[in-house]
Amino acid sequence: MNAAVLQDWLQTGVRHHEAGRWDEAAKWYARVRRALPRNFDAVHLDGTRALQQGRFAEAEQLLTAARRLAPRSAVCVMRLGIAQYQQGRSAEAVATLREAIKLDGKLPEASFHLGQALRRAGQRDEAVAAFERAIALKPNYAEAYDRLGALQSSYRGHAVSEPLFRRATELDPTLTASWCNLGISLIYLGRLGEALGALGRALELNPRFDHAHAARGLALIKCYRNEPAVESYRRCLEINPGNVEAHSARLLTLQYLGTCSRADLLEEHRRFARAVESTVTPATVVPTDRSPDRPLRVGFLSPDLHRHSVAYFLEPLLAHLDRTQFSVFLYQDQAKQDEMSDRLRALASGWKNVAGMPADALEAVLRADRLDLLIDLAGHTGMNRLPLYARRLAPVQATYLGYPGTTGLTAMDYRLVDSITDPAGTAEADCTERLIRFAPCGWSYQPPAEDPAPVPSPASAGAGVVFGSFNNFAKITDETLRVWSELLASVEGSRLMLKGHGFAVEAMQGELHRRFRAAGIDLDRIMLVERTKSVEEHLAAYGQVDVALDSFPYHGTTTTCEALWMGVPVVTRAGETHAGRVGVSLLTAVGRPEWIAKDWNDYLAIARRLAAAAAFDPVPRTTLREALRHSVLMDHAGQAARFGAALRRMWREKVAT
């Protein structure tokens with residue numbers, strides 16, 4: 001065949017290739033390959049075409065053949081590594097991409113894709129080094145800044161990732177993912193106005209970018225705008241029904257709003273499960289030793305094994321759990337670690353920080369530890385790993401603490417609750433798991449070491465009564481605000497103290513003031529207090545409150561315990577679901593059922609009585625602290641024994657089947 005004709009055919013293929021006419025390009029490349037099977041350019045370019053089309057198995061076959069024809073082509077080897085990576089074979093991809101770098105150490109794209117493969121393989125430090133090497137070779141490499149930022153956000157935190165994402169947007173203002181990632185980092189840094197701006201830019205570039213809609217929902221939640229957040233999540237799921245993070249975030253927001261019926265809320269959770277479970281085939285995990293009474297390996301996976309409410313309730317259980325019966329393995333799934341993390345690590349047989357690990361890598365870690373029971377502590381809260389549980393990682397899987405409801409997953413075997421939050425005979429209809437009512441109250445409270453002594457109530461000193469709520473303001477519905485407005489109007493000289501994140505931000509205050517006015521609350525009677533820097537300052541703020549008001553329909557947990565510990569009475573309204581019965585359980589545990597309201601009228605009546613008592617017949621605040629100290633909530637050894645019995649029960653039921 002005439003060489004000039006072959007070159008013309010090849011160039012015709014290239015022109016079609018560059019124009020995105022993939023099938024036409026493939027025809028011309030194939031024509032050259034038939035005439036001259038050892039023509040490297042035809043084989044390599046055809047493999048590149050298949051790679052760009054997403055036909056990764058075909059690309060690998062062609063690029064492997066091209067590599068044999070020109071084994072020193074670094075670009076060809078790199079593209080082969082990309083094809084392997086795209087088929088989920090990270091280890092092979094890493095080896096191939098390292099070979100490409102050996103062939104040409106100045107090829108920035110090879111280092112970039114090596115970083116991608118290393119990240120998926122769970123080799124975080126090596127991935128960071130690879131991305132940094134790509135940037136050193138190509139300082140204007142916007143995508144490398146973006147991927148390095150994504151890795152660092154989960155590994156070292158958002159303060160590290162934010163400037164990387166910002167640099168990516170400066171280098172390439174059309175990079176939609178970087179605007180979205182920048183917005184997410186800004187959310188977690190508390191810069192919500194900037195976050196909404198970055199996310200708005202992402203959606204201008206691509207109105208159908210599902211992750212940006214989901215991130216906007218998160219930002220709106222942080223701004224306490226729940227209904228618009230639900231709409232953002234709905235839009236995300238309309239575009240991509242498989243976005244499970246948006247599914248979870250929407251479920252948590254629906255719990256805040258309380259507008260779904262119990263049946264509809266269960267169906268929403270089942271919808272999440274269907275989205276997850278349709279993409280995986282659960283493994284069959286068979287116990288290697290079915291002895292019902294042998295020592296068990298129990299894992300706890302959570303993004304909150306630091307100074308966080310979940311850790312406060314977990315620590316006393318682990319401190320008193322029988323270590324002759326249970327070996328504890330903790331998996332911290334967030335970059336943040338502090339002195340609480342250190343204390344928890346000291347209580348564990350094994351501790352791993354798995355922050356930022358891709359699902360496959362984390363799955364490998366958990367399976368390698370040969371757990372008998374794996375306990376989820378997040379539910380549908382942020383940064384959860386519920387899709388992993390659908391794969392079946394341990395013979396027994398259960399959920400506890402983090403979320404006030406079902407996961408919806410068929411592979412989640414149990415939920416650990418109590419008989420007040422989840423009454424027998426009715427609560428079973430709200431969940432997919434089997435309920436284990438393991439204790440009279442489902443929590444074990446450990447007060448922080450930095451706890452100031454209770455002080456007399458403000459009203460007892462002659463000041464006006466101060467009602468207070470330190471609950472996450474996202475839990476405060478407009479209906480609740482209207483009830484609080486009626487309460488303030490009925491108690492002369494009373495004020496309402498609210499404490500929360502972002503309350504010092506002028507833009508946030510504007511939204512809050514709008515809602516207060518809509519509820520009929522005089523702004524002069526509202527005290528907005530920003531979150532304090534230390535736990536001691538936070539607890540001391542209860543000294544300015546006479547009566548704590550629980551949120552509804554999503555009760556407080558830590559806030560209620562803290563108020564009681566500081567001697568402040570709490571009024572709660574009983575709901576129908578777990579989220580609206582937490583306060584019922586806690587107040588029952590401390591012997592104060594008279595503070596539990598059956599409806600809003602009862603809520604108002606109880607709050608007024610407590611306000612009058614604070615002003616005219618104050619009870620020493622140490623009395624309430626002592627009631628908490630002698631309740632089941634602080635019977636740490638007893639609660640740990642009951643928790644251990646529940647773990648043993650779940651195991652025995654498993655091996656008996």
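In this text the structure is predicted, and so the values were computed from the model without any measurement.
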Tell me whether [X] at atom [atom1] has more than 12 heavy atoms from other residues, nucleotides or ligands lying less than 6.0 Å away.
X      : atom1 : result
Arg307 : CZ    : yes
Arg415 : CZ    : yes
Glu530 : CD    : yes
Glu492 : CD    : no
Arg235 : CZ    : yes
Lys499 : NZ    : yes
Glu268 : CD    : yes

Minimum heavy-atom separation for [X] to [Y], with atom names?
X      : Y      : answer
Met340 : Ala311 : CG-CB, 3.6 Å
Ala459 : Asp546 : N-OD1, 2.9 Å
Arg525 : Gly493 : NH2-N, 3.8 Å
Ala335 : Asn353 : O-ND2, 4.2 Å
Asn226 : Leu257 : CB-CD2, 3.7 Å

Residue pair [X] / [Y], side-chain heavy-atom distance below 4.5 Å:
X      : Y      : answer
Lys336 : Leu305 : no
Glu562 : Leu539 : yes
Tyr445 : Pro316 : no
His501 : Phe473 : no
Val328 : Arg323 : yes
Asp376 : Met412 : yes
Leu301 : Leu377 : no

Classify the ring geometry between [X] and [Y] as parallel (under 30°), tilted (30 to 60°) or perpendicular (over 60°).
X      : Y      : value
Phe470 : His538 : tilted
Tyr603 : Trp600 : perpendicular
His308 : His306 : perpendicular

Please report whether the ring centroid of [Y] lies less than 6.0 Å from that of [X].
X      : Y      : value
Phe272 : His380 : yes
Tyr400 : Phe438 : yes
Tyr542 : Trp565 : no

Using the side-chain contact (heavy atoms from CB on, under 4.5 Å) definition, which of the options Asp451, Leu564, Val590 pairs with Arg625?
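Among Asp451, Leu564, Val590, the one that satisfies the side-chain contact (heavy atoms from CB on, under 4.5 Å) with Arg625 is Asp451.
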
Given Thr560, Thr572, Ile420, the one that forms side-chain contact (heavy atoms from CB on, under 4.5 Å) with Leu586:
Thr560

With rounding to the nearest 0.5 angstrom, report the [atom1] to [atom2] distance, [X] to [Y].
X      : Y      : atom1 : atom2 : result
Ile596 : Arg581 : CD1   : CZ    : 8.5 Å
Leu498 : Ser469 : CG    : OG    : 6.0 Å
Asp304 : Leu344 : CG    : CG    : 11.0 Å
Glu231 : Tyr233 : CD    : OH    : 12.5 Å
Leu549 : Phe467 : CG    : CZ    : 6.5 Å
Thr381 : Tyr403 : OG1   : OH    : 9.0 Å

Is Arg609 salt-bridged to Glu594, cutoff N-O under 4.0 Å?
no

Glu511 with Arg514: basic N within carboxylate O range, under 4.0 Å
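Yes, Glu511 and Arg514 are salt-bridged.
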
Side chains of [Y] and [X]: any donor to acceptor distance under 3.5 Å?
X      : Y      : value
Arg608 : Ser490 : yes
Glu537 : Ser534 : yes
Thr406 : Glu433 : yes

What verdict does the side-chain contact (heavy atoms from CB on, under 4.5 Å) test give for Trp443 and Ser585, after you've listed the backbone C-alpha separation in whole Å, the side-chain angles of each residue and the deciding distance to 0.1 Å?
CA-CA 9 Å; Trp443 293 268; Ser585 178; 3.8 Å; yes

